[in-house]
Asks: 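Here it is, the structure, as C-alpha cells.
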Amino acid sequence: MSTVIVIAIYLGLLLALALFSKTLFRGTSKDYFVASHSIGPFMLLMSVFGTTMTAFALVGSTGKAFERGIGTYGLMASSSGLIHAACFLLIGIKIWAIGKRYGYVTQIQYFRARFETKAFGYLLFPILVLLVIPYLLIGIIGAGKTIAGVTGAKITPKGTIPGVFPEWTDNGAIPPWFTGLVISAVVLTYIFAGGSRAAAWANTFQTLVFMVMGILAFYLISDRLGGLGAAIEQAKESHKVRTLSSGGEVGTSQLTFLSYMFIPLSVGMFPHLFQHWLTAKSAKSFKLTVVAHPICIAIVWVPCVLIGVWATGIFPSGIPSGAILAKTVGVLVKDPIIVGLVTAGILAAIMSSLDSQFLCLGTMFTNDIVLHNSKKEYTDKQILSMARGFIIAIVIVTYIAALLLYERSVFDLAIWCFSGFAALTPLILAALYWKRATKVGAYSCVIAVFISWITFFTMSGFGGEYFVFGGIVPAAIMWFIGAGAMIIGSLMSRPPSEKTLAKFF
Amino acid sequence: MNKKGIIFIVFLILLVLHQDFWNWDNANLVFGFMPVGLFYHACYSLIAALFWGIVMKVAWPTELEEWAEADDSREGG
C-alpha cells in the first residue's frame, strides 16, 4: 500500500505544480500553444529533454542492456547526444526564429508557406498523426503494465505476498483501465488548464523526478549487490562487450551500430518537439539545451544500462525486457517506498512525453485543419475552446485504443515511429537550408518515405526490430530514399518564387 | 577553410570516433566497475557536449535573434 501512496503523492505534487502554472497563463491562444515564447534556458532544457526521453529512457534502456549488453549505450544514447544536439542547433533555433517572426505554431504552417502549397498539409498531417499515436498508446499501456507489475501479488521463496487490492482483481493489482484513466485525467487536467506553459512546468518537475529516481535505483541496487565492483563481476561476460555473440542474441553488429546513427535524427521532425522549440524566450535559451542534452542523456542512461547488465547475473535470459528495471528493484531493494519512488520515476518519464504529444495533436487539428479551412474569423477565446475540445477528444480516443490494444505488443511499434520521423528529416533540412527545394521535391520526399516505410514495415511482419542487408536499420535506407526524392523532385521543377525565398532566406 | 568547414570536419571525425572500432571486444573494467566500451561512450557524451559548446561559442547565429523579431509579418493561427 505504501507504494501506491508514494505514487499518489507524486501525481498530487505534479497536479499541484501544473495547476500553479495556470496562474501564469495569459489567456491567449499564443500562450496556450507556444507559451508566448517565454520559456527560459533551464525549463527549455528540462521540457525538451523530458519530452525526448520517453519511458524507454528508464525501462527500455535497462531492458535492452539486459538483452544486448553495454552496446545499448553507444547504439542509442551517445549517438543521440551528438545528433540530437545537432538537430536542436541546426533545426530548432532556425525553426524558433521563423515561427516567432511569422507566428507559426505547427510544422505544417511552415511547410505550407515555404513550399507554396496548401494541399501539402493534407498529405503530411495524417502521416504525422499516425506516427505520433503509437507513442501515446505506448505511454498509457506502459503506465498500466508498470503499475500492475508493482501492485500485483508476488511469489517469493517465503510464500506469496498478496497484491494491493485483492478484492479488485485476481492478483490484487491495480487494473490497467484505472491506471490509464488516472494518468490520462492528470495529464488532461493540466494541459487543458495551461497548455504548453503548464506542460513546460510539469516537464521540468517530471524530468528532475525521473533523473533522480534512476540514480537512486542505481545506488540502491549496486549497494544490495555488494558495491559497483561486485555488481559487474557477477554479470554475464557476454554483456560486457559489444561483440555479437555466436548465436547473435547478445551484442551488436558493426553495420547495425553504424546505421543506427540515423534513428536520433527523428527529433528533427517530432511535431511535439517542434512546439517546445517555439516556446523558447530567445535563441540564447537553446544554448543550455544544446550543451547539456548529451550530459543529461549520460546521467540517465549510464546507470540504467549498468543495471540492465548487472541483471544478467540475477535473472535468466528470456524475461520480458520491459520488466527488468521493476523486477530488479522489486527483488533486490524490496522496500515498498523505494519501489514507489522508482515507479514514480517511470511514470514521470512516460507522462513528460504524453502531455506534449496530446498538446501537439490538439494544436495541429486546430491550426492545420479547422482554422486553415475556415472562412470565418474566430476569436481568441473560440480558438482556445476549440484546441481544448480537440485535446479532450484525442485523450478519450487514445484511452479507449490503449484499453483495446493492451494485450498487443505496441512497444514493437516504437522503433518504427522513430524511423518514420527520422526518414522525414530531409524535408525539414531542405526547407531550411536549400533555396532550390520545391513543392514537387517536398511531395516526392514525403510520398517516397511513406511508401518505403510501408514496404519495410510490412516486410518486418508489422513491428519489432528488423534489419536489411545483414544489419542495416531501415531508417537509414528510408532517409536516403527521402533525400534522393527531395533532390530529384526539386531539380526537375521550377524553383520557388523570389517572394518566398526573400521571406525565408 | 572557413569556420563552418572546420566545424563540419570535426563533426565527421566525431561520427567516426563514435564507431569505436578499437574497443569492440575489450571486456576490461575502468575504475573496477565500468566496462571499457561503456566508459568510452560515456566520455564520448561529454566530448559531444564540449564540441557543441565550442561550436556555439565560435559560430552562434547572432543575426537570427534580430531577424526573428515586423508585427505585420505575422500570419500563423
Asks: Considering residues, nucleotides and ligands other than Tyr219(A), do more than 12 of their heavy atoms fall under 6.0 Å from its OH?
Replies: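 Counting neighbours around OH of Tyr219(A), 12 or fewer heavy atoms of other residues, nucleotides or ligands fall under 6.0 Å, so no.
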Asks: Less than 3.5 Å apart, any donor N or O on the side chain of Ser45(B) or Tyr73(A) sitting next to an acceptor on the other?
Replies: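 There is such a pair (donor and acceptor under 3.5 Å, judged by atom type) between the side chains of Ser45(B) and Tyr73(A).
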Asks: For Ile83(A), is it the side chain, the backbone, both or neither that has a heavy atom under 4.5 Å from a heavy atom of chain B?
Replies: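 When you check distances to chain B, only side chain atoms of Ile83(A) fall under 4.5 Å.
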Asks: List the atom of Glu237(A), the atom of Ala27(B), and the distance in Å for their closest heavy-atom pair.
Replies: OE1-CB, 4.4 Å
Asks: Under a 4.5 Å heavy-atom cutoff, which of Ile297(A), Ile295(A), Leu306(A) has the most pairs with chain B?
Replies: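 Greatest number of close heavy-atom pairs with chain B: Leu306(A).
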Asks: Take a 6.0 Å sphere around CZ of Phe505(A) and say whether it holds more than 12 heavy atoms from other residues, nucleotides or ligands.
Replies: yes
Asks: Below 4.5 Å, heavy-atom pairs only: which of Leu258(A), Thr366(A), Val302(A) has the largest tally toward chain B?
Replies: Leu258(A)
Asks: May I ask you to test the Pro35(B)-Ile232(A) pair for a side-chain heavy-atom distance under 4.5 Å?
Replies: yes
Asks: Which distance, rounded to the nearest 0.5 Å, do you find between the NZ of Lys284(A) and the CG of Leu64(B)?
Replies: 11.0 Å
Asks: So that I know where these two stand, are His41(B) and Phe257(A) an aromatic pair - ring centroids less than 6.0 Å apart?
Replies: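 Between Phe257(A) and His41(B), which both carry aromatic rings, the centre distance is below 6.0 Å.
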Asks: Less than 4.5 Å to any heavy atom of chain A: does that hold for the side chain of Ile47(B), its backbone, both, or neither?
Replies: neither
Asks: Could you state the interatomic distance from CZ (Phe33(B)) to CD (Glu233(A)), rounded to the nearest 0.5 Å?
Replies: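 Here the rounded value is 12.5 Å.
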Asks: Under 3.5 Å, is there a donor-acceptor pair between the side chain of Trp52(B) and the main chain of Leu82(A)?
Replies: yes
Asks: Using non-hydrogen atoms and a 4.5 Å limit, figure out which bit of Ala292(A) sits close to chain B: side chain, backbone, both or neither.
Replies: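 Nothing of Ala292(A), per the 4.5 Å heavy-atom cut-off to chain B.
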Asks: Check whether any side-chain heavy atom of Phe51(B) sits under 4.5 Å from a side-chain heavy atom of Val291(A), and report yes or no.
Replies: no
Asks: Can you tell me how far CG of Leu17(B) sits from OG of Ser78(A), rounded to the nearest 0.5 angstrom?
Replies: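 Reported value, rounded in 0.5 Å steps: 11.0 Å.
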Asks: Working to the nearest 0.5 Å, report the span between CE of Met261(A) and CG of Leu15(B).
Replies: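 That separation rounds to 4.5 Å.
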Asks: I'd like to know which of Ala230(A), Gly227(A), Ser79(A), Gly69(A) tops the heavy-atom pair count under 4.5 Å against chain B.
Replies: Ser79(A)
Asks: Picking from Gly81(A), Ser282(A), Ala97(A), which has the most non-hydrogen pairs under 4.5 angstrom with chain B?
Replies: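 Result: the option with the highest number of such pairs is Ala97(A).
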Asks: Going by heavy atoms in the side chains, are Trp60(B) and Lys287(A) under 4.5 Å from each other?
Replies: yes
Asks: Kindly compute the distance separating CG (Leu38(B)) from NZ (Lys240(A)), expressed to the nearest 0.5 Å.
Replies: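 Spacing of CG (Leu38(B)) from NZ (Lys240(A)) equals 12.5 Å.
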Asks: Find the one option among Ala298(A), Gly71(A), Ala86(A), Ala77(A) whose heavy-atom pairs under 4.5 Å with chain B are most numerous.
Replies: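 The option with the most such pairs is Ala86(A).
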Asks: Answer with side chain, backbone, both or neither: which region of Leu89(A) has an atom nearer than 4.5 Å to a non-hydrogen atom of chain B?
Replies: side chain
Asks: Just how far is it from atom CD1 of Ile70(A) to atom CZ of Phe39(B), taken to the nearest 0.5 Å?
Replies: 12.5 Å
